[in-house]
Engineer: 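So that we are looking at the same thing, I have put the structure below in C-alpha cells.
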Protein chains: 4
Amino acid sequence: MSPTGTRVRDAAIELFAERGFHGTGIRDLAERAGLSSATLYHYMGTKEDLLVSIMTESLGRLVEAGERLTTADPLTRIIGLVELHVLTHAMRRLETRVVDDEMRSLSPARRKAVVALRDRYEALWQDAIDAGVADGVFHVRAPRVARLALLEMCGGIARWYTPDGPIPLEDLALRYAEMALGVLGVAGPPPPLDVDTVRRTRALVDEIW
Amino acid sequence: MSPTGTRVRDAAIELFAERGFHGTGIRDLAERAGLSSATLYHYMGTKEDLLVSIMTESLGRLVEAGERLTTADPLTRIIGLVELHVLTHAMRRLETRVVDDEMRSLSPARRKAVVALRDRYEALWQDAIDAGVADGVFHVRAPRVARLALLEMCGGIARWYTPDGPIPLEDLALRYAEMALGVLGVAGPPPPLDVDTVRRTRALVDEIW
Amino acid sequence: MSPTGTRVRDAAIELFAERGFHGTGIRDLAERAGLSSATLYHYMGTKEDLLVSIMTESLGRLVEAGERLTTADPLTRIIGLVELHVLTHAMRRLETRVVDDEMRSLSPARRKAVVALRDRYEALWQDAIDAGVADGVFHVRAPRVARLALLEMCGGIARWYTPDGPIPLEDLALRYAEMALGVLGVAGPPPPLDVDTVRRTRALVDEIW
Amino acid sequence: MSPTGTRVRDAAIELFAERGFHGTGIRDLAERAGLSSATLYHYMGTKEDLLVSIMTESLGRLVEAGERLTTADPLTRIIGLVELHVLTHAMRRLETRVVDDEMRSLSPARRKAVVALRDRYEALWQDAIDAGVADGVFHVRAPRVARLALLEMCGGIARWYTPDGPIPLEDLALRYAEMALGVLGVAGPPPPLDVDTVRRTRALVDEIW
DNA sequence: AATGAATGAGGCTTCATTCAT
DNA sequence: TATGAATGAAGCCTCATTCAT
C-alpha cells in the first residue's frame, strides 16, 4: 500500500477505535490523515469499505496465526491461542478493538463475510477446549460458555493495555495463560507455561503482522 | 417516571445497545417509542442527557447492590460480586451493554461523574481480590490484571445471553463463579458455591432493580 | 396540499422546466421556495420523489382528460386530443415540459410507472388515428409515425408559448388542429373545427386541473 | 482530429444525448472514452467547451446544408429542408438531440453564438414558408407557428428512430415530407415528392457530414 | 500523451434541537 | 401533552478541474 494509503488506514484504525465507526466523521479521518476529505476517496471506497478492509485484514491474520497452532495437544494449543490473543490485542490494540466492537456497524450485506471469518477463528478455540475436555485435561461443565468467557477475558486487554505499564507484555501473557488454565479447571501450573513459549508465539505474531 | 417516559427510556436502551449511541438517531428513538421526535423532548433533555441518565441509574444500582456484599469474607464477597455481575448483565443485558460500551460517547464533562461511579464499583472488586490475596485464599500474581480480566469475562455474558438458551441462568451464574475462582487460583470448589447463594444474590438484584 | 407544500412543488416545476432535473440543485429549490434546504425535506421525499410526483400528477390528469374524449368519432376525438394537448402544454407549459423532457432523469425503478402512464395516454392517440384510418377519414401511410409526429408537434408549443403573444390561445389551438388534420391527410376544414369546440375542451381542462 | 479526440467527442455525444449535460460526469466521459479523467483534458477545454463545440459543429453543418437549398422554389425548398432535417435527425440522432435539448445548459455567454446559429437555420425555414405563402402554394394562417410546429415535428424523429425499424429511412423522409405539406395546407401530392429527391438530399448530408 | 494525486466547492440528505401552536 | 414546522450544522460522497511527473 502507498504511504498515504497507510496513513489513511492508520487514521481510521485510531479513530474507529477511539470514537467508534459512527462517531468518526469523514472530516475527522481526513484531518487525522492530513488530507482533504475529497482526497481521502482516492485511497478508499466508502467509509464502510475502509472498516471492512481493516476488519478483514486483522481477522485474517488472526485466523492464519491461529491455524498454525492446531497441530499441538489441547493444552499447548489453548496456551498458544491465549498468548496469541493477548499479544495481538496488546500489540495491535486499536485494530483489534475495531474488530471486536464494530461488527454491529456493518451493514448486513458486509457483515456476513466478516462474521464468517470470526467464526472460523472462534472455532479454533472451541475445538481446542472440546479436545481438552475429551482428554480429561480441562474440567469445565459448559465448554461453550468457557470459550466465550475466555475470549472476552483475553481480548479485554485491548481496553487498557499500554506499553508503559509496570508489567512487561510477556509476563502479562503468562498471567493470562495462568488465568485461562484456571478457567478451564487445569490443576497446577503445567510445564509449557514459561517465557520461551510466549516468545515463540510472539515470533509468530511478528511474522504474520 | 410516567409510562411514556419509561417508553422513551426503554427505546433508548434498546437502540443504544443495538446500534450504539452515535448509530442511533433521534428519529429512531421517537419511532421506537411511538412518539414524534419533538415530543421526545418532553421526556428527556438532550440525547446525551438520556445516555447519562441510563448509565448513571444502571451503574448506581450496581454500586448499591455491590456495597451490600462488602461485609462478608473475601471469597464470599467475590462470589457474590461475580453472581451479581453475571445476573445483572444477563437480566439487564441491554442497559449493561450501554454502560460498558458507550463510555467513550460521553463528552469529557459528563464522563467524569460516570467514570467515578464505575470506579467505585470496580474498587469493590479490587478490594475483595486484594483481601483474598492477603488472606492467602486467592493466588494471583497480578491482582489488578485479575480484576480487569474478571470484569471483562463476567460482563461478556451480556453479548450473547438469551433466556431461551439451554442453560438456566442460575446455572450460568454458578459456572461463571467456578471460572472466576479458577482465575483467582482458588483450589477446589468451596462451600458457598451452590444455587442457594445465587438465589440470594438474585433476590438482591430483584430488590434493587 | 399545504401552502408551503405547493410552493415547493411550484418551485420544482419552474426549476426543473428551466434548468432540468440534474441542473437544479436542492439549494436552488430551497431558495426558490423560500425555505432552508433542510425544511424542504418536510415537504418532499427525495428530489426524485418530487419529480415523480410532478410527472405522475400531470400525466394522470392528462390521461383522465383524454379518456373523456374516447366516445366520439375519430375525427372529433383527434381534434379534442390535439386541443387538449395544445391547451395543457400552453397553460401548464412548465409541468408539461418536465413530463416531456425529464423521463430520462428517472431511475429505472421509478421510470416504469411513469412510462406506463405515458403509454396509456399515447394509446388514446394511436387508437383515434387507427380508427380514423380504418374509417377512411384519415389518409396516412405510417400511422405510428403520424402519432409520434403529432405529439411532438403539438407538445412543442410548451417550448415557446407565452400568454403575451399576438395570437390568443384558443386561436392557436385551432391552428394546431388545422395542422394536425393536414398531417392526417384530412381534406378541407371539417365542421367541428370552431372556437366552441375549443372552449368545450378548455372547460374540460379547467375541470380536471 | 486525432483518433482519441474523436473518441472523446463521440463519448460526449452519446452521454450528453442519453443523460443530458448535467447528468453526465467527467468520469463518465472518461470511462466511455477509455481514458483517465485527467487525460480527457488533453483533448478538450472545459466540459462546457466540449458541449459548445459539439453544438456548433452540428448546427454549422446543418446551416451549411440548408443554405444550399435556398435557390429553389418554396415548395422544393421546404421539401428539401424537411428531408434534410429528418435525415440528419435520424442519421445523427445523438448529436442533433444534444443540439435540440441542451441549449439551456449553456451559460449565457456561450449561448449567444449557438442561438445565433440556430436562428440562422430557422430563418431558412421561415423564409421558405413565407415565400410559399406569398406564392399562394402554402395555406397557413400563422406562418410562425407553422415553422415552430414543423421543426418540432421533424426533429422529433431523433427521439425514437433506429435503423432497425420496419420503415426504411428514405420512406420515413417521404412520410414526413407528406405530413409537412399537410401542415402547410398544400393540396394533393406534388411532383417533387419522390425517392430521387430524398436521395439527392441524402447525398448532400453525406457530403457535408 | 498520459495519469495519479490533489482539492475547494458542491451534490443530496439527515442530524439534533427549538418553538409556536 | 403533543406535534408540525423550521433550521444551522453536519453527514457521506462526487463534482470539475489542475498539476507534477
Side-chain angles (χ1 to χ4, degrees), chain A residues 2-5 7-8 21-30 33-51, chain B residues 2-5 7-8 21-30 33-51, chain C residues 2-5 7-8 21-30 33-51, chain D residues 2-5 7-8 21-30 33-51:
Chain A
S2 72
T4 309
R7 279 210 329 276
V8 169
F21 179 73
H22 289 306
T24 302
I26 236 61
R27 286 170 186 81
D28 301 324
L29 280 173
L35 296 168
S36 77
S37 62
T39 304
L40 217 54
Y41 283 85
H42 279 277
Y43 298 94
M44 56 179 240
T46 65
K47 198 176 78 150
E48 189 178 25
D49 288 337
L50 188 53
L51 175 60
Chain B
S2 71
T4 309
R7 278 214 326 279
V8 170
F21 179 73
H22 289 305
T24 301
I26 284 287
R27 279 165 188 73
D28 301 324
L29 282 173
L35 277 71
S36 79
S37 63
T39 305
L40 219 55
Y41 282 85
H42 281 277
Y43 297 95
M44 58 179 238
T46 65
K47 200 176 89 158
E48 189 178 24
D49 288 337
L50 187 54
L51 176 60
Chain C
S2 71
T4 309
R7 268 194 359 258
V8 169
F21 179 72
H22 289 306
T24 302
I26 235 61
R27 287 169 185 82
D28 301 324
L29 280 173
L35 296 167
S36 76
S37 63
T39 304
L40 218 55
Y41 282 84
H42 278 277
Y43 297 95
M44 56 179 241
T46 64
K47 198 175 79 150
E48 189 178 24
D49 288 338
L50 187 54
L51 175 60
Chain D
S2 71
T4 308
R7 279 216 322 280
V8 169
F21 179 72
H22 289 305
T24 301
I26 284 287
R27 279 166 188 74
D28 301 324
L29 283 173
L35 276 69
S36 78
S37 62
T39 305
L40 219 53
Y41 282 84
H42 280 276
Y43 298 94
M44 57 178 239
T46 66
K47 198 175 90 157
E48 189 178 26
D49 288 337
L50 187 54
L51 175 60

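Heavy-atom basis, side chains included; hydrogens, waters and symmetry copies ignored. Here is how names work: the chains are called A, B, and so on, in the same order as the sequence lines, proteins then strands, and each is numbered from 1.
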Engineer: Check nucleotides 13-15 of chain F against the protein and report each pair of N or O atoms closer than 3.5 Å, with its distance, or say if there are none.
Structural biologist:
unit_1  : atom_1 : unit_2   : atom_2 : d
dC13(F) : OP2    : Tyr41(A) : OH     : 2.8
dC13(F) : OP2    : Lys47(A) : N      : 3.0
dC13(F) : O5'    : Tyr41(A) : OH     : 3.2

Engineer: So which one's nearest nucleotide on DNA chain E is more toward 5', His22(B) or Gly34(D)?
Structural biologist: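 Looking at DNA chain E, the more 5' nearest nucleotide goes with Gly34(D).
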Engineer: With Watson-Crick and G-U wobble geometry limited to distances under 3.5 Å, how should the secondary structure of DNA chain F be encoded in dot-bracket form, using | for bases paired to another strand and [ ] for crossing pairs?
Structural biologist: .||||||||||||||||||||
Engineer: Sequence neighbours excluded, which residues qualify as side chain to side chain contact (heavy atoms under 4.5 Å, CB included) partners of Arg7(D)?
Structural biologist: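 Residues passing side chain to side chain contact (heavy atoms under 4.5 Å, CB included) with Arg7(D): Thr4(D), Leu35(D).
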Engineer: Name the first nucleotide and the last nucleotide along DNA chain E (5' to 3') that come under 4.0 Å of a heavy atom in chain D.
Structural biologist: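 Endpoints of the contacted stretch of DNA chain E: dA1(E) to dG4(E).
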Engineer: Within the pair Ser36(B) and dA2(F), is there a side-chain N or O less than 4.0 Å away from OP1 or OP2?
Structural biologist: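 Checking dA2(F) against Ser36(B), no side-chain N or O comes under 4.0 Å of OP1 or OP2.
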Engineer: Looking at every heavy atom in both Lys47(A) and His22(A), which two are closest together, and how far apart are they?
Structural biologist: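 Lys47(A) and His22(A) have their closest heavy atoms at NZ-CA, 4.3 Å.
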Engineer: Considering residues at least two apart in sequence or located in another chain, which fulfil the side chain to side chain contact (heavy atoms under 4.5 Å, CB included) criterion with Thr24(B)?
Structural biologist: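 Thr24(B) satisfies side chain to side chain contact (heavy atoms under 4.5 Å, CB included) with Leu15(B), Phe16(B), Arg19(B), Asp28(B), Leu29(B) once adjacent residues are dropped.
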Engineer: Sequence neighbours left out, cut at 3.5 Å: what donor-acceptor pairs do the side chains of residues 38-46 of chain C make with other protein atoms?
Structural biologist:
unit_1   : atom_1 : unit_2   : atom_2 : d
Thr39(C) : OG1    : Ser36(C) : OG     : 2.9
Thr46(C) : OG1    : Glu48(C) : N      : 3.3
Thr46(C) : OG1    : Asp49(C) : N      : 3.0
Thr46(C) : OG1    : Asp49(C) : OD2    : 3.4

